Trainee: 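So that we are looking at the same thing, I have put the structure below in structure tokens.
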Amino acid sequence: MDIRVSGGNPDFPIKLSQKEEGGIIFVSVSASCSRPAVPSGFRLEFDFPIVDCYSVWSPSMGTNRCLGPDWWCRRTASRIASWMPVHQIVSLSGKNRICIAVSDATTPIDITTGACEEDANLKCGVEFFTRPTAPLSEYSALIRIDLRSADYYDCIYDTVTWWEKDCGYAAAPVPEAARLPMDSLWYSFHQRLDVPKILSQCRLSKALGMETVIIDDGWQTDDNSRGYAFCGDWKVAEKKISSMRSLVDSLHAIGMKVMLWYSVPFVGVHSEKYSEFRDMLLDGTGDNRTFFALDPRYPEVREYLTGVYSDAVESFGLDGLKLDFIDSFNLSGKSLEPDPRRDITSLEEAVDTLMSGIKASLTAIRPDILIEFRQSYVGPSIRKYGNMLRVGDCPADPIQNRRGIVDLRFTSGKTAVHSDMLMWNPADPVETAAVEIASTLYSVPQISVLIETLPADHKKMLSFYLGFWREYRDVLLDGKLTASHPEICYSLVCSVKDGCAVFTAYTENVVPVSTERAVAVNCTGTESLILRSCSGKTYRVLNCMGEEISNGTAAGELFEVRVPTAGMVFVG
């Protein structure tokens, strides 16, 4: 492969070597200099023919997965706490055309592709040191270029295995509690926390099978106007919660574990800590008016944050923490100037050191501590510290939720993948409300609706779906996940384990049943599904509340059966 190098520093020369193993090209990148220097960004470029190329896959790509031109290239930006260095071109039939990944998931790296109109080639690039870093005397990384014509998701799975086994990114162990449904109080309460209402909600959610409650933003401030101006001190707002320990004890008595929210970087101008740390802030991070981000390159900052979380877990009796905004540490302006008070020069290294210290401190108190991160801080580096990865906020948006879940399942190994908190309008028809849950089956569901305000049919639907999820959890979470047409946010998703398959059809209604047992969920917007290759097998159809509406025996190679919206057909 003809690879060109541009940029860089003459005093930091780049050396390349290549080898090919079974359809995968490994490009070794190395550089060294006689004395430490801040490396200048450099770019490796190569061409790839646009033959049977249809879309781009990357967990950071969102819903726009078109190829894009080289003058407006598709870009995967990665650093320690934001996304991951993997970028793929996929054919219309779902085969890998080229999958580019980098062994270094810590350094700021961008991977780009774009169609060149002059020669019908993709202009591919891997850019190193896209953000300022600390001085280095040497650097090395491997670029993995997978050219195999395999199913696109298998190439992604292989990349994740490579990161874990060959690149040193071993993920944190996953406690059993991270794999059970949760009640998150964010969409249901926002900052308007009220102890009696929380306890009432949790009694209802526990009865429905939710095992953990996440107390979100609002516990630390009397202000309910949103934003982060009051973050930083992390003292309980006693007008809302007179005793956090008493609340946690009461929730434990109900039988639920308890997690508490923190915005890790942010310190607000109305906090006492703002004046203490005002000269240890990251310039340009936050809104620059009411809150800023602390600079973890200072030992005092790391010591303070680690102490806050350890003290909370110990004194409140918490089972876990929701650590938010890890991707919001950024360098600009005055933060780029040297300061002898810092003991770490690199921001990426400082974030790594901070999170490593937090994990060590918390697991010393509770070895099974629950730690939630959310998109975009979901890559191989950050999986060392968290055991729950959640889809980014997408209230009442089943498309974004299903896309984010599948993306996370492909890239997260055995780390528990959680849906964004589920909410819907109680006036919604029960079938369309059920689509919210049906779109998240391949993750651990987080529910965020006020259960007592739901109509009776909604409660029945929620109970049925959570019961179904528990019964099929091993298939849904531990089976091999496959998904058709990533370019349209996945039209048909399936997980298979031990001869049982669970399908969810979103835009296509032909379900290829090839296992002994199968369940197909209808989210197509039509009132039927077509089952392929299940002639002679018995079936039964349930609506979204679990009520049986038909049963029989399938006949013919293609068998059409009426399945209402968010209903299910059980085969075999």
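Keep in mind it's a predicted model, so treat the numbers as computed, not measured.
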Trainee: Taking the side chain as C-beta and beyond, is there a heavy-atom pair between K197 and L450 under 4.5 Å?
Mentor: no

Trainee: Say you draw a straight line from CD1 of I549 to CE of M545; how long is it, rounded to the nearest 0.5 Å?
Mentor: 10.0 Å

Trainee: Assess, by modelled atom type and distance only, whether the side chains of Q88 and N96 contain a donor and an acceptor separated by less than 3.5 Å.
Mentor: yes

Trainee: How are the rings of Y157 and F410 set relative to one another: parallel (under 30°), tilted (30 to 60°) or perpendicular (over 60°)?
Mentor: perpendicular

Trainee: What do you reckon, are the aromatic ring centroids of F570 and Y539 less than 6.0 Å apart?
Mentor: no

Trainee: Between Y465 and R470, is there a cation-pi geometry (under 6.0 Å to ring centre, at most 45° from the normal)?
Mentor: no

Trainee: Between R473 and E176, does any side-chain N to carboxylate O distance fall below 4.0 Å?
Mentor: yes

Trainee: How would you list, by chain and number, every residue that makes a ring pair (Phe, Tyr, Trp, His ring centres under 6.0 Å) with F373, sequence neighbours excluded?
Mentor: Y377

Trainee: Among residues at least two apart in sequence or on other chains, which ones pass ring pair (Phe, Tyr, Trp, His ring centres under 6.0 Å) with Y472?
Mentor: F468

Trainee: Between E547 and K460, does the salt bridge (Lys or Arg N to Asp or Glu O under 4.0 Å) criterion hold? Intermediate values first, please.
Mentor: CA-CA 10 Å; E547 301 165 338; K460 187 173 183 179; 2.8 Å; yes

Trainee: Run the salt bridge (Lys or Arg N to Asp or Glu O under 4.0 Å) check on R65 and D407 step by step: do they pass?
Mentor: CA-CA 13 Å; R65 303 199 171 185; D407 287 350; 2.7 Å; yes

Trainee: Do you see a donor-acceptor pair shorter than 3.5 Å between the side chains of T106 and E348?
Mentor: no

Trainee: Are the side chains of Y187 and L422 in touch, meaning some heavy atoms are under 4.5 Å apart?
Mentor: no

Trainee: Is a salt bridge present between K206 and E211, judged by a nitrogen-to-oxygen distance below 4.0 Å?
Mentor: yes

Trainee: Regarding D428 and H458, is there a side-chain donor-to-acceptor distance under 3.5 Å anywhere?
Mentor: no

Trainee: Using side-chain heavy atoms (C-beta onward) and a distance below 4.5 Å, is V417 in contact with Y442?
Mentor: no

Trainee: Report yes if the distance between the aromatic ring centroids of Y169 and W162 is under 6.0 Å, otherwise no.
Mentor: no

Trainee: Given S443, which partner from the list V391, L476, I405 fulfils the side chain to side chain contact (heavy atoms under 4.5 Å, CB included) test?
Mentor: I405

Trainee: Show the numbers, then the answer: is there a salt bridge (Lys or Arg N to Asp or Glu O under 4.0 Å) between D154 and R148?
Mentor: CA-CA 10 Å; D154 282 333; R148 296 173 299 164; over 6 Å; no

Trainee: Does a salt bridge link R390 with D324, judged by any charged N lying under 4.0 Å from a carboxylate O?
Mentor: no

Trainee: Quick one about S184 and S448 (side-chain donor to acceptor, distance below 3.5 Å, no hydrogens or angles considered), yes or no?
Mentor: no

Trainee: For R374 and D420, run salt bridge (Lys or Arg N to Asp or Glu O under 4.0 Å): C-alpha distance rounded to whole Å, both residues' side-chain angles, the deciding distance at 0.1 Å, then the answer.
Mentor: CA-CA 9 Å; R374 66 178 166 106; D420 181 38; over 6 Å; no

Trainee: Between K384 and D352, does at least one N-O distance fall below 4.0 Å, as a salt bridge requires?
Mentor: yes

Trainee: For T76 and S58, does a side-chain donor sit closer than 3.5 Å to a side-chain acceptor?
Mentor: yes

Trainee: Inspect the contact between D474 and K497 and indicate whether a charged nitrogen and a carboxylate oxygen are less than 4.0 angstrom apart.
Mentor: no

Trainee: Kindly indicate whether the side chain of I358, heavy atoms from C-beta on, has any atom under 4.5 Å from the side chain of L323.
Mentor: yes

Trainee: Report, as yes or no, whether the 6.0 Å neighbourhood of atom CD1 on I399 holds more than 12 heavy atoms from other residues, nucleotides or ligands.
Mentor: no

Trainee: How far does CG of D52 sit from CZ of R97, to the nearest 0.5 angstrom?
Mentor: 5.5 Å

Trainee: Could you walk me through whether L542 and R540 pass side-chain contact (heavy atoms from CB on, under 4.5 Å), step by step?
Mentor: CA-CA 7 Å; L542 307 184; R540 61 192 183 100; 3.7 Å; yes

Trainee: Between atom NZ of K459 and atom OG1 of T453, what is the distance when rounded to the nearest 0.5 Å?
Mentor: 8.0 Å

